[in-house]
Structure formats: C-alpha cells, structure tokens
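Below you'll find the structure, written out as structure tokens, and then a few comments.
Quick note on labels: first sequence line is chain A, next is B, and so on, each numbered from 1.
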Amino acid sequence: LVIVESPSKCQTIAKILATYVKDNSLAYDFQVSSSMGHIRNLPKSDTSKKKKENQIKPNGKFPYTIAGIDLENGYQPEYVLLPGKGPLVKELQHLAANAELVLLATDPDREGEAIAWHLTQVLDLAPSRYQRVTFTEITPSRILEAVKSPVELNTNLVHAQETRRVLDRLAGYTVSPVLWKKIAPGLSAGRVQSVGMAMVVQRERERLCFETTPYWNIKAVLGKDFSPQGQILRPGSSHKRHLLEGDANELVKVLSDAEFTVIQVKSTTRKQQPPQPFKTSTLQQEANRRLGMAVQQTMRVAQQLYEEGLISYMRTDSTHLSDDAECAIGVSVRGQFGPDRLWVGSSKTKRKPKDSKFAQEAHEAIRPALQPDGIFLEPRYLLQKVALSDQAERLYTMIYQRTLACRMPPIATNQTSVLIAGVQEGTTAHFRVSGSVVIDPGYTLAYCRDAEEENDEAYLPALREGQILNAGEILAVAHETQPPPRYNEASFVKELESLGVGRPSTYSGIVQILRDRAYV
DNA sequence: CAGTGAGCGAGCTTCCGCTTGACTT
C-alpha cells in the first residue's frame with residue numbers, strides 16, 4: 001500500500017508502478033491511496049467535560065487551559081481525527097491491514113513528514129510494517145528510485161512540525177480571547193496573521209507621518225527635430241537636482257538664452273536575465289499584476305488547471321524544473337522561436353534557481369504539465385482539448401509563456417546617456433537625457449515585459465559630442481514627493497514570503513482573514 | 001390560562017497548514 005497526500009497523484013503513480021511490476025523490476029503488487037492532506041489535528045476546542053476537570057486545579061494554580069494542549073504535562077498535544085475524515089481513515093486502516101507493507105509517500109517537507117507519522121499512529125503500524133519513501137517529481141525513474149531506496153522517518157522533522165503546531169495554538173488561543181474581551185468578539189491574533197497585519201499598520205504609519213514636499217526641476221526642450229527633455233543635475237554630480245520654486249524660476253530665466261552643448265555621449269549594453277519559473281508566490285503576484293486576478297481567484301483557477309492535468313502542482317516554494325520539463329521547454333522554444341533561442345548558458349552564466357531560504361522544495365516549479373507525448377500543450381490548442389473559462393485560458397497561457405522564457409536568452413538593450421551643458425554668464429547647468437533601445441528581445445519574445453518595465457524605454461536621436469543644440473523652451477516643472485504606496489494583494493504576498501511568514505498553501509488565506517474580519 | 005418580558009446561564013468565537021469535494025449563496 002502506497003499512501004500519498006493528494007488523490008490526483010494516485011492514478012499516475014499506480015500506472016507507473018504497474019509497468020515496473022509487469023517487467024519484474026518490482027516484486028510487489030501495489031495499491032495507491034491518499035490521505036487528502038492531514039488526517040489528525042488538535043481539537044478545535046476542549047470538550048465541556050474536560051473543561052470542568054480543568055477548572056479545579058489540585059495544585060492551586062490559576063486554571064488556565066489551551067484546547068488540546070496539556071500545559072501541566074510538557075505541552076503534550078491531544079490529537080483528534082479531522083471532522084469528516086472518519087470513513088477515509090477506516091478505509092486506509094482496512095487497506096493497511098491487508099497490505100504486506102505500507103509505503104508512506106507523503107510530501108518530502110515538514111508537514112508531509114508529520115502526516116506520515118500520524119499515519120503510523122492511526123494505522124497502528126509497527127516499524128517493520130512501513131517504509132518512508134519520498135520523491136519530488138512523479139516520473140517513472142524517480143518513483144522507481146524512491147521505492148527501491150526507502151529512508152528513515154525523519155523524527156526531527158516530525159518534532160519540528162508538532163512544535164510549530166503547538167506554538168501556533170498557544171500563541172493564537174492565548175491572545176485572541178484577550179481581543180474578545182477588550183475589543184470585540186470573534187477577533188483573532190496569530191503568528192502569521194498578526195505579522196501580516198503589522199506590516200499593513202507599519203506601512204500606514206509611514207504614510208501618515210510622511211510629509212509631502214513640493215520640489216521643482218528644470219526641463220529643457222532642445223533641438224528642432226527632437227525635444228530631449230533633460231533633467232537638470234546637481235553641480236558636479238550625476239544626481240537629479242531638486243530645486244525650490246524661486247530658484248527654479250530664477251534658473252529658467254538665466255538659461256533662457258543659454259548655449260547648449262553636448263559634452264558626453266555614453267552608450268552601454270545592458271542585459272536583463274530571464275525570470276525564474278513560477279512558484280506559488282510569484283504566480284500570485286504576476287496574475288495579480290498582469291491579469292488583474294485576486295490571489296484567491298488565481299489559486300482557484302490554478303487548481304482547475306491542475307485537475308485537468310494541464311499544469312504541475314500549484315502550491316510550491318520551488319523554482320526547480322525536472323529534466324523532462326527541461327526537454328519539453330527545449331522542444332517548444334526550438335519549435336516556436338528557432339534553435340538559437342534556447343538558452344542553456346554555460347555553467348557559469350546559467351542562472352541558478354535562487355529559492356527563498358525558507359523554501360522546503362517538496363515540489364517542482366509551477367509549469368505546464370507534460371502531455372502523454374512528453375511535450376507541453378500549446379495555448380492555442382488548449383480550448384480544443386478542454387472547455388475552460390477565459391481566466392483559466394489566460395492563466396495557462398501566462399504559465400506556458402513564462403516557462404519557455406525562463407530558458408531563453410537575456411534581453412539586451414542599448415542604454416544611451418547624454419550629458420548636455422547649458423552655459424550663460426558664467427552659470428553652467430548640466431542636463432542629462434537617457435534613452436534605451438532593444439537590440440535583442442531575448443526571452444521577451446515569449447514572455448513580454450510589464451508595461452511598467454517598457455515605459456523606461458525612450459527613443460533618442462543620434463547626438464555627437466560637441467554638438468550645439470538649439471535652445472527651445474526651458475521649463476520649471478513642479479513635483480511632489482510621494483509617500484510609500486499601500487500594499488496590494490501582490491506586494492503583500494511578496495513581502496510575506498520574503499519574511500518567511502506563511503506557506504504556499506496559506507498565502508491566499510491570510511489575505512482572506514484580514515479582509516473578512518475587516519482588519520484592513 | 002395564555003402570552004409577554006425580564007433575568008439568567010450556557011456555549012461560542014480563536015491559531016497554522018495540508019488536502020478535496022460537498023455544501024450553500
């Protein structure tokens with residue numbers, strides 16, 4: 001009996017194992033089943049009987065209790081079956097009893113290890129009756145490898161999970177009742193949500209104490225055929241100069257008859273590396289920015305795509321791609337953009353996946369799923385295969401394009417920066433104007449950049465050093481300093497992840513709690 | 001005697017993280 005967490009994996013794994021049994025690589029017959037995530041948890045609240053017991057403390061201590069945790073006895077947790085899991089557990093018990101050996105194949109992360117341990121308890125498995133096996137990809141070679149080389153159940157991980165669980169309850173169930181009493185019933189506090197809330201509060205405080213300050217700088221419209229709108233620089237510096245209104249107007253007057261000369265033209269090539277494959281947090285951010293989807297909506301649609309066998313697992317903190325996926329990317333990129341557009345890079349230049357230091361990497365990156373022929377389904381054939389909502393189609397297309405782009409060359413742009421001096425009666429003012437032109441679109445052929453990123457581009461006419469420019473209009477332009485922006489769902493999730501707060505399966509839930517309980 | 005209303009007491013809210021599908025709006 002093989003037990004995994006997600007039922008959608010069962011059939012795939014069963015099929016793979018069956019082929020190995022057929023060619024005698026494996027000696028058992030296999031049955032694959034799933035736990036559907038966790039099977040046990042701390043009780044939501046103590047039974048009234050237990051509460052009464054706890055009210056009278058023989059040792060005279062203040063009767064303080066936390067549901068499901070024995071405070072007097074080394075914080076021993078009490079576990080109960082999750083509501084509704086009874087029939088499933090019974091079925092697993094039955095299967096386990098009739099199986100020669102139980103392979104615990106839950107996810108190779110902290111929660112997965114704990115689920116495996118809970119299974120040993122609930123299914124009453126002696127150490128000789130079970131083995132722990134792990135794999136991060138559901139491919140024939142990896143599955144065979146895993147089954148042939150079982151590992152020890154990692155009790156350190158199991159303890160870590162239990163500690164996490166107990167601490168979360170201790171904190172949440174201690175602070176929340178204070179809020180009911182002091183503020184309003186039904187409020188909540190916890191290790192994750194309160195940190196998220198604090199982020200929002202802190203940002204709002206920064207905004208409140210921010211003093212908007214007006215400033216001016218000077219724009220010079222020069223030349224006949226073009227109008228480079230340069231920014232005036234601080235004397236002897238390459239930084240933009242911020243002026244007071246009076247000084248700005250004064251300078252406009254002085255410069256109105258100035259002679260403008262190009263004193264430096266600097267051109268550099270800039271390369272921008274392709275992005276990393278999607279993981280949950282970045283998918284949520286991009287779907288929010290590009291498709292205008294709420295975090296929760298993104299996850300719902302991604303779940304549909306996953307169930308249709310169109311994308312890999314959508315709750316992941318890894319940007320790793322399997323070898324099979326790399327091959328499929330090669331086929332797609334070569335087919336659509338030509339063989340020279342596949343960018344393997346040398347071992348030095350290749351961008352290594354740089355995952356968050358909090359990542360547990362139980363799964364792959366979020367990418368298109370491999371079809372039976374070993375390649376990705378092109379977005380244009382998507383609707384022929386399966387009926388999908390507009391949103392699902394757009395999300396799949398975004399994932400497909402991003403996955404290809406990750407293995408394509410960097411985008412190269414030519415950045416030109418021109419320094420112009422305006423001289424009048426001994427006063428010299430330096431202006432700078434910059435432009436950028438794409439010389440090699442690189443990965444943007446597959447995955448276009450944000451409108452925001454493209455805004456940086458500006459056409460610049462050919463200019464040479466020493467060239468005299470015709471003075472046109474000189475303007476003082478008023479600006480205001482801006483407070484830091486409020487979070488949106490995307491930037492909020494990004495910040496949570498970078499702080500290591502929450503997990504891929506909970507990002508959307510955190511947003512939901514803050515909204516539903518009207519904390520924000 | 002039926003209906004009304006005051007007063008009282010009991011029970012509930014809450015954490016985080018892993019999974020679906022069975023529910024209702």
[X] side-chain proximity, nearest of [options]:
{"X": "A:E5", "options": "B:dT20, B:dC18, B:dT14", "value": "B:dC18"}
{"X": "A:I513", "options": "B:dC15, B:dG17, B:dT20", "value": "B:dC15"}
{"X": "A:S505", "options": "B:dC16, B:dT19, B:dT14", "value": "B:dT19"}
{"X": "A:Y173", "options": "B:dT14, B:dC16, B:dT19", "value": "B:dT14"}
{"X": "A:D107", "options": "B:dC15, B:dT20, B:dC18", "value": "B:dC18"}
{"X": "A:V192", "options": "B:dT20, B:dT13, B:dG17", "value": "B:dG17"}

Are any of [X]'s side-chain N or O atoms less than 4.0 Å away from OP1 or OP2 of [N]?
{"X": "A:R191", "N": "B:dT14", "value": "no"}
{"X": "A:R40", "N": "B:dG17", "value": "no"}
{"X": "A:R110", "N": "B:dG17", "value": "no"}
{"X": "A:S8", "N": "B:dT20", "value": "yes"}
{"X": "A:R169", "N": "B:dT14", "value": "no"}
{"X": "A:S188", "N": "B:dC15", "value": "yes"}
{"X": "A:S35", "N": "B:dT19", "value": "no"}
{"X": "A:Q161", "N": "B:dG17", "value": "no"}
{"X": "A:S176", "N": "B:dC15", "value": "no"}

Just wondering, do A:W180 and B:dT14 stack (centres under 5.5 Å, planes under 30°)?
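According to the criterion (under 5.5 Å, under 30°), no, A:W180 does not stack.
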For this session: Decide yes or no, distance alone: a donor-acceptor N/O pair under 3.5 angstrom between the base of B:dC16 and the side-chain of A:R164.
Result: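 Answer is yes: a donor-acceptor pair is held.
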Does any N or O donor sit under 3.5 Å from an N or O acceptor when you compare the side chain of A:R165 with the base of B:dC15?
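Yes, the side chain and the base share a sub-3.5 Å donor-acceptor pair.
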Which comes earlier along DNA chain B counting from the 5' end, the contact point of A:V501 or that of A:L187, where each point is its nearest nucleotide?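 Looking at DNA chain B, the more 5' nearest nucleotide goes with A:L187.
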Note to self: Angle between ring planes, A:Y400 versus A:F376, binned at 30° and 60°: parallel, tilted or perpendicular?
What the structure shows: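 It falls in the perpendicular class, over 60°.
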query: Side chain of A:S498, backbone of A:E495: donor and acceptor closer than 3.5 Å?
result: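 Side chain of A:S498 to backbone of A:E495: a pair is present.
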